[in-house]
Amino acid sequence: MLVCPSSIDLSTRTLRFLAGQLTARRRDIGTRWRRLPVARQALLALAHLRCGDTYARLAAGFGIGIATVYRYIREAIEVLAALAPALAEAMRTIRTKAFVILDGTLLPIDRIAADAPYYSGKHKRHGMNVQVLTDPFGRLLWASPALPGSTHDLTAARQHGIIDALAAAGLKCWADKAYQGAGRPVRVPFRGRHLKQWKRRHNATHAKIRCLGEQAMATLKGWRLLRKLRCSTNRITAIVQAVLVLHHASA
């Protein structure tokens, strides 16, 4: 098998952060020897998350077995996911913002037509629903646990407690039409085809503010593994949390 060098578009700060967390992990469990040192394990995990490299390709490139690659990556994801803030913790930062932008995204997964709970009628594909909060400049603040793709955005936001948390904090929130009926803290555009002029102007202004939230979606999809997930759906929440922690560590 041919092996070639490659690159990962991340800073060395991200690598050092993950290596530091893995060093602490090995110290806690009393690891004496591994096939790869922590820096190489961190690089392995980043190549999988950022570039979407498969276990087979990584095994060939790092000179280890596929099972070892799986264990190393799973360990790194679990270590990172444990550092991800819950919504209550994230609200301490969110409360300092003038307003936030709420949006939902679908992370595609490899499922068949029989897996109805994961099929999104809106996107016409199978996936997992993730709710995202961003600041007024489009920077990613928090990402929710993943729910089956058939879950409506408003239902997901309520289930995660986002609406109640925003109301309790007295924060203004901009969102799209999918959140119609969310209540006072969430501002949505007017619906309908034949709107009055002032309502059309309101919708145009609303769209200019809300479109900044698309930057956060681009931030998530910049981690190529999230563009098409082929793992168990039970692991997707941990992967999203790991990506969120790495994003904040590199910011």
Side-chain angles (χ1 to χ4, degrees), residues 84-108 120-123 127-192 195 198-224 226-227 236-237 239-251:
L87 179 60
E89 299 174 62
M91 286 303 297
R92 298 183 193 133
T93 301
I94 295 172
R95 284 190 183 96
T96 65
K97 308 299 179 181
F99 64 89
V100 292
I101 302 168
L102 171 62
D103 202 356
T105 187
L106 187 81
L107 302 180
S120 169
K122 175 182 176 181
H123 297 276
M128 299 294 284
N129 181 301
V130 173
Q131 299 295 301
V132 172
L133 287 171
T134 65
D135 70 6
F137 301 99
R139 291 188 289 254
L140 178 62
L141 296 175
W142 181 78
S144 74
L147 293 175
S150 61
T151 309
H152 191 274
D153 281 338
L154 179 56
T155 301
R158 284 175 171 161
Q159 186 168 332
H160 295 310
I162 298 173
I163 307 300
D164 292 339
L166 292 173
L171 271 172
K172 297 177 182 178
C173 174
W174 268 255
D176 60 25
K177 296 177 182 178
Y179 299 89
Q180 197 87 29
R184 185 174 181 181
V186 181
R187 302 187 176 188
V188 297
F190 291 104
R191 300 181 67 176
L195 297 175
W198 70 271
K199 288 186 177 181
R200 291 199 298 270
R201 286 198 302 267
H202 174 276
N203 283 0
T205 303
H206 188 283
K208 289 179 181 178
I209 296 173
R210 188 172 50 79
C211 71
L212 296 174
E214 295 300 324
Q215 297 179 25
M217 302 305 177
T219 297
L220 280 179
K221 299 300 175 66
W223 297 80
R224 294 176 186 85
L226 297 181
R227 296 179 186 177
I236 293 177
T237 291
I239 292 173
V240 172
Q241 291 173 336
V243 166
L244 178 66
V245 170
L246 287 173
H247 169 69
H248 287 162
S250 62

Working to the nearest 0.5 Å, report the span between [atom1] of [X] and [atom2] of [Y].
X	Y	atom1	atom2	value
Thr105	Met128	OG1	CE	12.5 Å
Ser150	Leu106	OG	CG	10.0 Å
Asp176	Leu102	CG	CG	8.0 Å
Ile236	Leu226	CD1	CG	9.0 Å
Cys173	Ile94	SG	CD1	9.5 Å
Thr93	Met91	OG1	CE	10.0 Å

Exercise. For Arg184, does the CZ atom have more than 12 heavy-atom neighbours from other residues, nucleotides or ligands under 6.0 Å away?
Worked result: no

Exercise. When you look at NZ of Lys97, are more than 12 heavy atoms from neighbouring residues, nucleotides or ligands closer to it than 6.0 Å?
Worked result: yes

Hey, does [Y] have a side-chain heavy atom less than 4.5 Å from the side chain of [X]?
X	Y	answer
Arg158	Asp164	no
Val100	Asp135	no
Leu133	Ile101	no
Arg139	Gln215	no
Gln131	Tyr179	yes
Glu214	Asp103	yes
Val188	Lys177	no

Problem set entry | Lys199 charged N/C atom sitting above Phe190 aromatic ring, 6.0 Å / 45° | yes

Exercise. Can you list the steps and then say if Leu212 with Thr134 is a side-chain contact (heavy atoms from CB on, under 4.5 Å)?
Worked result: CA-CA 8 Å; Leu212 296 174; Thr134 65; over 6 Å; no

Hey, is the main chain of [Y] close enough, under 3.5 Å, to the side chain of [X] for a donor-acceptor pair?
X	Y	answer
Asn129	Gly149	no
His152	Leu154	yes
Ser250	Leu246	yes
His160	Val130	no
Thr205	Arg201	yes
Thr237	Ala146	yes
Arg227	Lys221	yes
Arg200	Leu195	yes

Please report the closest heavy-atom contact between [X] and [Y], naming both atoms and the distance.
X	Y	answer
Ala90	Trp142	CB-CD1, 3.7 Å
Ala216	Val132	CB-CG1, 4.0 Å
Ala182	Ile163	O-CG2, 3.3 Å
Val186	Ala175	CG1-CB, 3.6 Å
Val240	Ser144	CG1-O, 4.2 Å

Exercise. Using the ring of each side chain (for Trp, its six-membered ring), is His206 parallel, tilted or perpendicular to Trp174, with breaks at 30° and 60°?
Worked result: tilted

